[in-house]
Amino acid sequence: MQKPAELSELSFAELVARVRACTLCAEFLPLGPRPVIQLSESSRILVVGQAPGRRVHETGLPFNDPSGDRLRQWMGVTRDTFYDEQKLAILPMGFCYPGTGKSGDLPPRPECAPAWRSELLRRLSNIGLTLVIGQYAHAWHLGGKARSVTDQVRHWQDHWPAVVPMPHPSPRNNLWLRRNPWFEQDVIPAVQHRVAQLLRE
């Protein structure tokens, strides 16, 4: 594993290249390593998900699935804007597809975030909004008191306007969205306004 001091000496391009070539978890990944990230030093918005799914692994394009369609709708952005790394960074908690378990994809590999995350985030100095999606992202980026995803999202204004905790946009969460209509009524309009504001700057 790279030591933090060694990573800090790399240029941004060298760091990203090192991440894209990472094989740290190779022995545990059913389809092998393929880190899927998107970022540039000018990115204004950061999207933090869990880990790539199988379809994302196959295409190498983050959120290239129904979850991504809903996320783009929540943000009020087009695919072109979403995939413009100069505007939008995407750094999941695990960069590679972890495989599938009994009830969906497995959790992000635990080796990934400690190895790379702090140094990558340190380089993203222009981020004005971070969308933090799902329990693993909540735990890393929000810290503090342990809360359920629902409770974390319900208290979204605690972190506003820099960070917004969100549920996963997966179709698996349709029931959650029906039970919590306040999310799309109250949180989404605020997110869309903030996203539009940052993209204009």
Legend entry - Working for side-chain contact (heavy atoms from CB on, under 4.5 Å), residues His141 and His159: CA-CA 11 Å; His141 282 265; His159 313 281; over 6 Å; no
Legend entry - Pair Arg122 + Glu119: basic N to acidic O under 4.0 Å: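 Salt bridge present between Arg122 and Glu119.
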Inset, instruction - State plainly whether the residues Arg147 and Asp158 are in salt-bridge range, i.e. N to O under 4.0 Å. - result: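 Between Asp158 and Arg147 there is a salt bridge, with a charged N closer than 4.0 Å to a carboxylate O.
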Do the side chains of [Y] and [X] get nearer than 4.5 Å, heavy atoms only?
{"X": "Ile127", "Y": "Leu124", "answer": "yes"}
{"X": "Leu142", "Y": "Gln152", "answer": "yes"}
{"X": "Ile45", "Y": "Val195", "answer": "yes"}
{"X": "Leu61", "Y": "Val56", "answer": "no"}
{"X": "Leu91", "Y": "Leu121", "answer": "yes"}
{"X": "Arg72", "Y": "Thr78", "answer": "no"}
{"X": "Val132", "Y": "Met166", "answer": "no"}
{"X": "Pro167", "Y": "Ile133", "answer": "no"}

Legend entry - Enclosure of Arg172 CZ (heavy-atom neighbours >12, cutoff 6.0 Å): no
Inset, instruction - Give a yes or no on this: more than 12 heavy atoms of other residues, nucleotides or ligands lie within 6.0 Å of atom NE2 of His155. - result: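 Counting neighbours around NE2 of His155, more than 12 heavy atoms of other residues, nucleotides or ligands fall under 6.0 Å, so yes.
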Please say yes or no: joined through hydrophobic side-chain contacts below 4.5 Å, possibly via intermediate residues, are [X] and [Y] part of one cluster?
{"X": "Leu29", "Y": "Leu106", "answer": "no"}
{"X": "Leu46", "Y": "Ile188", "answer": "no"}
{"X": "Leu131", "Y": "Trp140", "answer": "no"}
{"X": "Leu71", "Y": "Trp156", "answer": "yes"}
{"X": "Val36", "Y": "Tyr136", "answer": "no"}

Inset, instruction - Under the side-chain contact (heavy atoms from CB on, under 4.5 Å) rule, what do Asn64 and Tyr83 come out as? Steps first, then yes or no, please. - result: CA-CA 10 Å; Asn64 185 31; Tyr83 290 119; 3.9 Å; yes
Which pair of non-hydrogen atoms, one from [X] and one from [Y], has the smallest distance, and what is that distance?
{"X": "Val149", "Y": "Gly134", "result": "CG2-C, 4.4 Å"}
{"X": "Ser67", "Y": "Ser170", "result": "OG-CA, 3.2 Å"}
{"X": "Gly60", "Y": "Pro62", "result": "O-CD, 3.8 Å"}
{"X": "Cys25", "Y": "Glu111", "result": "SG-OE1, 3.4 Å"}
{"X": "Gly53", "Y": "Tyr97", "result": "C-CD1, 3.5 Å"}
{"X": "Trp116", "Y": "Cys22", "result": "NE1-SG, 3.4 Å"}

Could you tell me whether the side chain of [X] and the main chain of [Y] form a donor-acceptor pair under 3.5 Å?
{"X": "Asn180", "Y": "Trp182", "result": "no"}
{"X": "Thr59", "Y": "Arg55", "result": "yes"}
{"X": "Asp105", "Y": "Thr100", "result": "no"}

Distance in Å, [X] [atom1] paired with [Y] [atom2], rounded so as to fall on 0.5 Å steps:
{"X": "Leu24", "Y": "Cys96", "atom1": "CG", "atom2": "SG", "value": "9.5 Å"}
{"X": "Arg123", "Y": "Ser8", "atom1": "CZ", "atom2": "OG", "value": "7.0 Å"}
{"X": "Leu10", "Y": "Arg18", "atom1": "CG", "atom2": "CZ", "value": "4.5 Å"}
{"X": "Glu58", "Y": "Arg34", "atom1": "CD", "atom2": "CZ", "value": "9.0 Å"}
{"X": "Ile90", "Y": "Leu39", "atom1": "CD1", "atom2": "CG", "value": "10.0 Å"}
{"X": "Leu129", "Y": "Met75", "atom1": "CG", "atom2": "CE", "value": "7.0 Å"}

Inset, instruction - Would you sort out whether Val19 and Ile37 count as a side-chain contact (heavy atoms from CB on, under 4.5 Å), showing the intermediate values? - result: CA-CA 9 Å; Val19 170; Ile37 60 173; 3.6 Å; yes
Inset, instruction - Could you verify whether a donor N or O on one side chain and an acceptor N or O on the other, from Ser40 and Glu85, lie under 3.5 Å apart? - result: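 Distance-only check fails for Ser40 and Glu85.
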Legend entry - Residues which pass salt bridge (charged side-chain N to carboxylate O under 4.0 Å, His left out) with Arg70, listed by chain and number, not counting sequence neighbours: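 None.
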Inset, instruction - List for me each residue that meets salt bridge (charged side-chain N to carboxylate O under 4.0 Å, His left out) alongside Arg20, sequence neighbours excluded, and say none if there are none. - result: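 Checked Arg20 against salt bridge (charged side-chain N to carboxylate O under 4.0 Å, His left out); zero matches.
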Legend entry - Pair Gln192-Trp74, side-chain hydrogen bond (donor to acceptor under 3.5 Å, both in side chains): steps then yes or no: CA-CA 7 Å; Gln192 291 179 350; Trp74 283 352; over 6 Å; no
Legend entry - Six-ring centre of Phe28, Arg109 cation under 6.0 angstrom, axis tolerance 45°: yes
Inset, instruction - Take Val153 and His138, measure what side-chain contact (heavy atoms from CB on, under 4.5 Å) needs, and give me the verdict at the end. - result: CA-CA 9 Å; Val153 177; His138 289 184; 4.0 Å; yes
Inset, instruction - Please determine which of Gln86, Gln197, Glu201 meets the side-chain hydrogen bond (donor to acceptor under 3.5 Å, both in side chains) test together with Arg44. - result: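 The residue from Gln86, Gln197, Glu201 that satisfies side-chain hydrogen bond (donor to acceptor under 3.5 Å, both in side chains) with Arg44 turns out to be Glu201.
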Inset, instruction - Check the angle between the aromatic planes of Phe82 and Phe63 and answer parallel, tilted or perpendicular using the 30° and 60° thresholds. - result: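 The arrangement is perpendicular - the two ring planes meet at more than 60°.
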